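Here the structure is laid out as structure tokens; the discussion comes afterwards.
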Amino acid sequence: MAAEIRLFPCLSDNFGYLIHDPQSGATASIDAPDARPIIEVLRREGWKLTDILITHHHADHVGGVKELKQTYDCRVTAPHDQKVAIQDVDIRVGEDDFVQVGALIARVLETPGHTLDHVSYVFDSERALFAADTLFSIGCGRVFEGTYPMMWQSLLRLRELPDDFRLYCGHEYTAANVKFALGIEPHNEALKARAEEVTRLRAAGKPTIPVLLGDEKKTNLFLRADDPAVAAAVRLKGFSADDVFAELRERKNKS
Ligand code: ZN
Ligand code: FE
């Protein structure tokens, strides 16, 4: 039986995610921005939280862990990090580790850059990628702790996943990302189509997530720093993908 995934707003612009295995009844929250909305959705669905899968240590991703653990006595999985910034953790995971949520299996990919501890969770059987603040629709996370080349390598890892995977990211930033991207690639037809879709969804009060990874590969500049056309668009013809990525990210920081 296929997993059920619920997506809902948390805090100002975070996404909350629950993934539920109907066979075993197991339910995982991907990150825990805020306990209240997560508990509300769990109650509405009649689900019991068994797991929290944390992507990185930022407060807007772990703020609800303590209350959820107290309420459900769930198991908390978090990335390895030397600083042990994340509290109430039961299991630490890294590259190539697997986490079981009932019959569902999440594969761990280390995707550092935004933070050094950032991991992404891939549910291959569900064709689902939970990338938190590494990859956004039409954007990527700010590079706070890592380096630009490190972040670019992490994005390349995610780009390797098949086109039919769906991206579930950490924030609803798509409209601002589209505006920035159109400034650099005004003639990208796939991007223009996505822009129209995003305008329609936002006007209807609907999330712009999930999105197919195959579509993201055509529209997201930050996944195409090695494309000569993107290099030319930021006047870095012949420069390395690392340089093009750094330029894109810095322009976005200033936008
Ligand atoms: Zn973050
Ligand atoms: Fe965040």
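In listed order, ligands and their atoms are each counted from 1. This is a predicted model, so every value here is computed, not measured.
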Exercise. Which N/O/S atom belongs to Asp60 and is the closest one to the Fe ion (ligand 2)?
Worked result: OD2
Exercise. Are the ring centres of His61 and His171 closer than 6.0 Å?
Worked result: yes
Seminar exercise, completed: Angle subtended at the Fe ion (ligand 2) by Asp133 OD2 and His171 NE2, to the nearest 10 degrees, is 110°
Exercise. Taking the six-membered ring for Trp, is the centroid-to-centroid distance between His57 and His118 below 6.0 Å?
Worked result: no
Seminar exercise, completed: Atom name of the N, O or S atom of His58 nearest to the Zn ion (ligand 1) is ND1
Seminar exercise, completed: To the Fe ion (ligand 2), the closest N, O or S atom belonging to His61 is NE2
Seminar exercise, completed: Looking at His56, the N, O or S atom sitting nearest the Zn ion (ligand 1) is NE2
Exercise. Does Arg249 CZ have over 12 foreign heavy atoms under 6.0 Å away?
Worked result: yes
Exercise. So which N/O/S atom does Asp133 have closest to the Zn ion (ligand 1)?
Worked result: OD2
For this session: May I ask you to check whether Tyr17 and Phe130 place their ring centres under 6.0 Å from each other?
Result: yes
For this session: May I ask you to decide whether Asp163 forms a salt bridge with Lys217, counting only side-chain N to carboxylate O separations under 4.0 Å?
Result: yes
